[in-house]
Every structure is written in C-alpha cells, then in structure tokens.
Amino acid sequence: MSLKFPVLMTLFIAYAPLFAGFEFLGNIKSQAVHLNRVEFKTDNALFNIYVYDDNVIRFRYTNQKEFSAMPSYAVISGLPAKAAFTFKDDGKYFTLATKTLKVRIAKSPGRVSIYDAAGNLINADEESFGVSFDNDEVRCYKKLLPGENFYGLGEKSDDLCKTGKEYTLWNTDFWAYDDRTDKLYISIPFFYGIRDFKAYGILFDNTYKSHFNFGAEKGELDYYFIYGPEMKKVLTSYTNLTGRAELPPLWALGYQQSRWSYFPEAEVSALATNFRTKRIPCDVIYLDIDYMNGYRVFTWNEERFPEPAKMLGDLKKDGFKVIPIIDPGVKADTNYFAAREGLAQDLFAKYPDGQFYQGEVWPSWAYFPDFTKAATRTWWGANLARLLADGVAGFWNDMNEPTVWGTHFPDIVQFDGDGYPTDHKRIRNVYALEMARATREGLRKHSDQRYFVLTRAGFAGIQRYSAAWTGDNVANELHLKIACRMSQNIGLSGIPFIGSDVGGFVGNPSERLYIRWMELGAFTPLFRQHAAWDTRRKEPWTFGVDVENAVRDFINLRYRLLPFLYNEFYTAHKTGWPVMRPLFFNFQDDPECYRTEIQDQFMLGDNLLVAPVLSETDEFKRFYLPEGDWYDLNQQRFYSGKQWILQAVPLKQIPYFLRAGGFLPMQAVQQYVGEKTITETEMLIYPAGESSYTLYEDDGISYEYEKGVYSRTQFTCQTATDACKITVSREQAGFKPLRRNYLFKVISQHPPVKVSVGGSPLSLVKSAEDLYQKAEGVYYATTDQMILIKTPDRRDFEIKIQY
Ligand code: GLC
C-alpha cells in the first residue's frame, strides 16, 4: 500500500486483494448516519467515515463486499460509541462537522475535503484521481497545497523535511546504511503536513509494504486524519490511537555499555571493575550473541558463563544491570528444547503446505516464531523467564525485521494474524512489534518491577512495549549527524526512548569524533555505546586518559541531569511528546526553525536547547536560538533569542542553553542509579515573567505509579523589577521522595539585597563551600550571576529574593 505526494498531488496506494482491473471510487449512491460514523456506498466501493474525536477522523475504503474484520496492530484505542458531530446534505455535497473540523464529501464523484472550523482548507482529495482501485492496489491522491511541507515517517536517515521525496516502508536490516538508504528497520506510516505553521497528521493504518510519494501494496485504504493545528496536539492524538511508552526503569536513563561481544565471564567482570575503579558511572552492560550456546535463544554458553546467576548477582551488587540480546530465530535443532516445543505446539511460521519455514541467521537454519499467535507470545514470554530467573534486567531484541541471510523472507510464509490467517507481506512490518509485545507481556507477568526492552525493528505503536535504537550505523561524521536528526524524527513518531550506537557500530572513530559523539549521547534519550566485533575497543578509557577524562565529565553530566530527563519521560508517557525534539516542534511559528541546518540542534523538553557539534574538525558552531532569552550553561552568558550565533566550540564542550522561564532539576553524580540515597535536589531556575514547572518523582523501578504512588511538585517563579518569588508546592504526594533539601540556583543578573523563605530572612554565607556545608537556610550570591539558596524540603513554601 502507498501514499504519494507528487508535485501537484499526494497519493496513498493500498492493495485490495482479489480484485482485477482498474476502477475509481465512483459516485456516492447511499449513506447511513450512525452515532459515531457515516457509511456510504459508492458505485464501486464501501466508504466509511468514523469520528474518533473532534480532531481525529478515520476514512476507510474497500472495494470488497465488506471491511476486513482483522484488528489493527497499530491502533489500540476503540471508536467511541457516540461522537459529537453534525451531518448535512448540502446538495452536491454532504457536510460532516465536529467542533474543530468540517469534512465536505462531494457526491459525484466521491471526494473528501477537510477544512478547519474557520473554513480554511487543510487537506483534500485530488479532483480527477481521488480514490481508486487498481488490481490489488488502493490509491488515494491528495492535493498538494501551496507551501505544504511534510515531516515524520519515523526511522528515515535523510533530512527532517520530507517534501518532494519518495519513501517505502518495509522493515529492512541495512548494515552500514547512509543518508540515502530508504528502507530501514522501523516502519511508521504516520506523517505530518504543515502549511502556514498549522499541522495535521495522517496515520495510514496498513501493515503492507507502503510507498509514500510524498504513496501500499495491498490492504485497505484506511487512514486517520488528525488535526492540530499544534504538532503537540497531533502527536497527543496519534499516541491516543497507538499508545504511549511506559515509564522506563530510572536506571535505563543511565549510561549503557555494549559491544559485540563481552565474554567470557572474566571479561564482563573486568569491564565492570574498570567502570567502578575509574569512577565512570555506568548502569547497564549488554551481552551480545556470544553468551548463548551455539546462538540458541534462552540458553547460556556454559564454558564462557558457567554460573550465570552468580555472575549476574555479583554484578547487581555492584549496581550493574545486564541485558542479553534475543534474536527471534530458533535454531532448527531437534535436540534443542525451544525448537522441540515450538514444533510440537505449532508456534512457528509455515509455508502454505504446512511445512515449517526455515531461514538462515546466526544459529544457521532457524524457525521463526509466529508472534501474531497468542500461544506463541505466551510461550515466548514463559521462556524469557529462564533468563529472568538468572537475573537479567531486560531484553535486547535484534534481527527482528525479521532478517534472514542469502534470500528474502518468502512472502508466501503464513502467519496466524491473531485468528485472521495471512502472509509475510502483511506481517513483516509488525513482526517486531508483536515480538516486543510478547516480551513486554511476558515481563509484566513475571514480576511487578520495570524491565528494559530495546528493539531494532518496529511499527507504529512500538513505543507501547519498547525503546529503540537506530541499528548498524558507522563511525563517521555523517552518522554523527544522522544520529542527531534521526532520533528527533523517530521522536516525532511517538517513540520517545531512542538513541544510536554511540561511537558508531561499524568502523573506528577518531578521538575527536568519539568525544563529540559521547557529548551528543549524554543528551539523547538512550545513551548506549555499542560496537561491532571487528572494531577497536571503544570503552570510555580505551582512547587514553585525556579522552577518558573528557568522557567521564559527560557521563557525569548525564547523571546530574537524571531528574530532568526522567521528568521528560513522564511528559512523554502522559502526552506522547518526544524527549528529544526538533526545534519546530516547540517553536512551530518560527520559520527559522524549519531550516535544514536546524536539524543539527534539538530541544530536550520545552526549555533546554542543545546545539551539539557534529563534526570532528569544527572549532566554531553556528546555531540558532529561538524566541526568548537564553542562558549559556557552559559559558555563563546571556543571549537574547531570535538570532543566529557563532560560537567557538572547544572539543570538550557541548553548547546547551536554558530558556528564560525554564527550570532544570539536577542531582549529585552517582556511579549507578541507586548507589546513594540522594537527599538533595538542585533546581536551576532562570526567572523571567511568570513561569512554572512540575517535577514528577516515583520509586523509579515498580509499577506502583500506575496506582498513584508518585509525587508531583509544582514550582512557580514570578519576577518583578525588584523581586522574584519562587513557590514550591507538592500537588500529588502519593510517593515520598527521599529528598531532605533543595539547592536552588537562581540565575540572576543582579546580586540580591535580601533572601527569605516563608518570611524569615536567610543568612548570607561567604562562599559556595560554606553553603554546601550548611544543612539549609542560607544563601550565597556567586560572581557568575547565580544566587544559591539552600532550603529544607517542605510540602509548601515560598522564597522571596529582593534586589
Ligand atoms: C546486528 C545488530 C548489532 C549486533 C549484531 C550481533 O548487527 O544490529 O547491534 O551487535 O547483530 O548480534
């Protein structure tokens, strides 16, 4: 199925099975209005419009006798039983209207145009082509409106703006891809159209290979039109449909170390010891394929890892969580329990004649579990429990496009389709999604603690089960740039937990490239270093002491930022908004934010701007600060916004800026999450006008937050010419943070004359050191425009700074 936007029009193509010949949709012959939808019959097809929400309308077409009953893999939210809309016959047209949208349905021929409430055209079928059926395909041509631009489609390695280009969605393992590679591991048939700074989104709910010309090979034409006009609203509505990410375990936001492969056991413990003795924080160690016995999933190589439970237990005491790789292929070996069980219980994908399919992957010939079958998912989850019992902390799903070597995975291979039998053509793009589902469901059954799941392949909705990484990248400058923009692009598609192999998977980075990549990594949602077996060692200390020291600083900074980052994951969990965002996501009305070079910058949340240096040799960086005032966190300088800035960028510095009105919670460095009881939260505030921030906290490891066991503390800051007032109030106190005090760091261009908390004046101490030693109730004004205030943590209090 495909979706095309050629120069004058946009086109979606989908295939309708069993149909031969070409037909247009034809004229509307009849209509029936229901509480939540309108059903039309046309000369050649059935056409339904469903009202999901004021701003979310689904359009569905088939030239078959009825619509497919197969449930969607991407969309998990149901159609409400009743929706608020009106439907009128206006002669040549029908008009369906909600509070936000007006859909005009031309009768002859059947065509759809969508307007906002003010009557502006947002999206329309192309007049001559509209919707058509060509043999197996269903197509939909849309008008390309003047000035319209396109964004989205998840894992694509080219520029963020997709206008004028063509894309195919077909999950593909592409070793050492580049910025011209089209098909990659993850397929997300969701994009944004933006015109006059107003955004809509279209989710094309079809799992077949799909073409977006700015054009699918089969299936129904079934799409959800989502109106904003804010991108934030579009993404919230999109994730209402496809689901949101759970809160990850807090430790998964720490530094993660991987390599193909760490073995035997002695090497893993040496690695762990190195981190701790060198005082480089690290939470996670990965085990790549060599931990297994002959690449058989759910097993250990007993020579290399004779006592896995003991090893994992020892590592745990030292704060390390271990994540093993899991590939879907089950070695075709009848002496192997997993193969025997799968065959006996009929859990693997088969040829139409009933023979089990075998493809070649790491263990040589392997069977492929049919994850679209409930029994397979349950079995898979139960087998994961073997490794969980040994003490692993999650799973790293790889090769799940699914990849096979030498040939393509045959299209005729049959899958259960959860009771709607179908073939590889329909299932390929959701194979990894269903494998991740099996994993997550297995984990939830196993225990009530949060585990970490990482996947290479996926489809719309993968965020419900897993974090993702961007596959087999290369240690070069181009890939450093790709790492930055592709993570933003994937975030725009509802997947907040994303990162790339820091340092590059294939090949060897120079020292400079390595440092720059670690700097970027410290600010990406997933901070994981990984490298291929034939590359040089890339652990933080393997480039010499100078690099080690620089890298330690960035990993330390990452740990300082954990409260802030965790809060952004909470925002993602509640709203679907990315943790790492393109500038235009926050500053949608600013044309500068759409420029191509801007993709080398990003926002973390609403107020932290990061301008990473994505070149080995650059000593200067030109970057843009949008509207507002900005505080340079490296150089302690103020900048006003809406300007481009050229700055010298020393190798060991990554430019990052806090926006006026912003809050940045931080905490002390730990060698791993949970190493220390953190009793102090540092709150950096850049006062401007009136602003507020809500800090979310919970235990970071259980699902108790789903039952309200969390806390939300609201901070406000109001400024006047001669004063600044900060209030703190705990809005939700289901969880009691271990905090005893706050260290406020208030950015201020003047020294204060008086600082008081709850009306009582604080005493001024002589140095920052003095302040750090005092338990609370003191302040200090530094020379670098900062007022430091130490207060106890109370449920509600107020700080007043007088200038
Ligand atoms: C694939 C993965 C890579 C892994 C390798 C060996 O190439 O993308 O991350 O290290 O397989 O398992």
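Just follow the structure's listing: the first ligand is 1, and inside any ligand the first atom is 1. Note: hydrogens, waters and symmetry copies are ignored here, and every other heavy atom, side chains too, is used.
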Check for me whether R437 meets the cation-pi criterion with Y465, that is, NZ or CZ under 6.0 Å from the six-membered ring centre and within 45 degrees of the ring axis. no
Can you list the ligand 1 atoms lying under 4.0 Å from a non-hydrogen atom of I325? 12 (O)
For R552, is there an ion pair with E548 - N to carboxylate O distance below 4.0 angstrom? yes
Please confirm whether D288 comes within less than 3.5 Å of ligand 1 when only nitrogen or oxygen atoms on both sides are compared. yes
Under a heavy-atom criterion of less than 4.0 Å, does F505 contact ligand 1? yes
For the aromatic rings, using the six-membered ring if either is Trp, is the centroid distance between F275 and W541 under 6.0 Å? yes
cation_pi(R428, W170) dist<6.0 Å, angle<=45: yes
Atom 9 (O) of ligand 1 has as its nearest protein heavy atom H530 NE2, 3.0 Å
What atoms of ligand 1 come within less than 4.0 Å of a heavy atom belonging to I289? 6 (C), 12 (O)
List the closest protein heavy-atom neighbour of atom 7 (O) of ligand 1: residue, atom name, distance to the nearest 0.1 Å. D472 OD2, 2.7 Å
Axial cation check for Y286 ring with R528, 6.0 Å and 45° limits: yes
R444 bridged to E246 by N-O distance under 4.0 Å: yes
Side chain or backbone of W396 under 4.0 Å from ligand 1, or both, or neither, by non-hydrogen atoms? side chain
cation_pi(R386, F337) dist<6.0 Å, angle<=45: yes
Looking at R456, which atoms of ligand 1 are within less than 4.0 Å of one of its heavy atoms? 1 (C), 2 (C), 7 (O), 8 (O)
Which residue and heavy atom of the protein sit nearest atom 1 (C) of ligand 1, plus the separation: D398 OD2, 3.1 Å
Salt bridge flag under 4.0 Å for residues E166 and K156: no
What part of D501, side chain, backbone, both or neither, has a heavy atom within less than 4.0 angstrom of ligand 1? neither
Give the contacting part of W469 toward ligand 1: side chain, backbone, both or neither, where contact means a heavy-atom distance below 4.0 Å. side chain
